[in-house]
**Q** 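Here it is: the structure, laid out below.
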Amino acid sequence: MSRASLLKSESVSPTAGIHVVAGILAKREVTYVVSSDNILLGAIYKDSLDLTPDFIIEADKRSIKAKDLMTLKEGVPCISPETHLDSAISVFLETELKELPVLENDRLVGILPLRSVLKGIAEALDTVRHQQEHEKRSSTILQSINEGLIMIDKDLIIREYNRAAEELLGAKASERIGSKAVVKTRGGSPVFEVMKTGKPRFGVMSPLADGRIFSVNYVPMLDNGNVVGVIQTFQDITGQEEMRSQLLSSRDELDRAFALTLPNSRVEHKLKNTPEYRDVYDPDNGQITITEVIADGGYKHVVNALKVLADLNNKGIMSLLGISKDVLVQSIIFHDLGKSQPQFEIGQIVDPLDEFEESCAHAERSADIAAHFYQREDDVIWLIKYHHHPESQLPADFPNHLRPMLRLLKLVDGLSASLTRRNGKITLDVDGTKVYVYERNPHPDFDKSRVVDLFTGETREIPDYPDTTG
Ligand SMILES: [Fe+2]
Ligand SMILES: [Fe+2]
């Protein structure tokens with residue numbers, strides 16, 4: 001029903017007769033008396049009239065009009081469209097009326113029934129109850145998680161402090177909530193960084209004064225894109241860290257065990273003092289910038305090569321005719337022993353063609369060392385001497401039976417260089433005479449997967465292994 005027709009059925013003109021007034025009051029508690037342009041003049045309340053047939057006949061006889069029966073506007077409680085619900089409720093309580101007229105510039109523009117108000121209140125209560133339930137649920141979740149959680153606002157006031165935080169930090173939430181958080185000096189704590197950038201920080205290692213180590217996540221609280229606080233969640237990882245350092249030291253033990261297999265301490269010393277470099281290559285001028293010095297790069301290179309070989313061994317490579325584990329292990333240990341590396345520092349820019357000795361030179365020197373100081377067998381010497389030669393440049397007397405092993409040594413050497421110098425990720429597969437190499441490498445030249453046939457020497461690129469691309 002439109003507002004006009006609604007008001008029409010609820011209001012009368014000042015000159016309306018008793019029958020019209022009585023007709024409306026038969027259905028409603030009140031009728032409003034309005035001018036032709038809807039200005040409220042007064043109201044006639046049903047309970048103020050004695051609407052008996054006698055009264056109506058009498059009033060009709062005396063031509064009594066609506067204006068004669070009405071309570072004047074001044075005595076009619078009313079509200080405006082802007083009246084706050086609280087004030088409207090007060091008027092309802094004071095007057096015990098069931099509805100209030102709504103006036104705008106003295107004009108009757110609507111009616112507010114008590115029923116609508118009650119309905120609105122019921123809905124609001126419902127929303128509050130839902131909100132309370134939601135808050136209760138959130139609080140239960142906060143209290144039940146094992147991670148400590150502290151929420152601080154942008155003024156560093158603590159707003160939330162869960163049970164796990166109480167236990168981990170030995171403080172009471174009731175004392176901490178509302179107080180200022182103790183945060184390391186500005187610039188020193190990720191809290192300020194996250195407040196500034198609005199970007200979360202995860203897994204920040206935080207050693208405590210008592211020796212424990214916490215891993216802390218800092219997540220911004222956003223409101224319309226603005227950071228209004230930071231949520232910190234944290235857990236005690238002291239145990240895990242201890243385990244990790246034990247693992248690291250056991251890796252050291254493994255390293256020491258490997259060192260025992262080396263022919264003597266001079267070989268170990270040479271490998272451990274031959275640096276390898278991580279660098280960035282500039283294709284425009286062919287120069288490289290040194291980004292990291294791996295002081296014991298020679299040693300790591302051999303260890304990684306042996307790991308690659310061990311992986312291939314697990315996958316059955318040694319069952320191939322012409323592939324000998326012992327020959328390969330010895331070749332790997334000695335293959336770069338004659339390497340003479342320049343000394344660089346981080347940040348240095350050099351031309352690799354000027355600074356690094358040509359690879360075939362160290363291969364020849366390494367072969368010499370293995371032969372004359374360590375009396376390795378001929379197959380080992382051949383493999384070391386030619387581990388940098390392209391197949392087309394092998395001498396005519398290179399033993400054919402060594403070709404598959406030479407291919408394998410070159411493959412293992414390259415993969416180890418990728419692991420040692422470029423943090424490459426490698427997955428290997430062996431199928432008959434073929435070795436499948438799935439390599440992810442930050443250097444575009446090496447970021448490719450390939451298959452090498454050890455017997456024919458044929459190499460071709462293949463699509464990436466699904467597991468290494470995901
Ligand atoms: Fe080499
Ligand atoms: Fe090498």
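Everything numeric in this text was worked out from a predicted model, so none of it was measured. In listed order, ligands and their atoms are each counted from 1. The chain is numbered in sequence order, starting from 1.
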**Q** Check for me whether the distance between the ring centres of Tyr218 and Phe234 falls short of 6.0 Å.
**A**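 Here the rings of Phe234 and Tyr218 have centres that are no less than 6.0 Å from each other.
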
**Q** Just verifying a value: how many Å separate Leu328 CG and Met318 CE, rounded to the nearest 0.5 Å?
**A** 5.5 Å

**Q** Mark yes when over 12 heavy atoms from residues, nucleotides or ligands other than Asp155 sit less than 6.0 Å from its CG; otherwise mark no.
**A**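 Check passes, neighbour count above 12.
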
**Q** Would you list the atom pairs, donor with acceptor, under 3.5 Å between side chains in residues 110-120 and any protein atom, with sequence neighbours excluded?
**A**
none

**Q** Anything protein N/O/S under 2.8 Å from the Fe ion (ligand 1)? Just list residue and atom, please.
**A** Asp336 OD1, His362 NE2, His387 NE2, His388 NE2

**Q** Going by atom types alone, do Thr140 and Arg137 pair a side-chain donor with an acceptor below 3.5 Å?
**A**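 Looking only at side-chain atoms, Arg137 and Thr140 do not form any donor-acceptor pair under 3.5 Å.
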
**Q** Between His362 and His335, does the ring centre distance come in under 6.0 Å?
**A**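 Aromatic pair excluded; centres sit 6.0 Å or further apart.
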
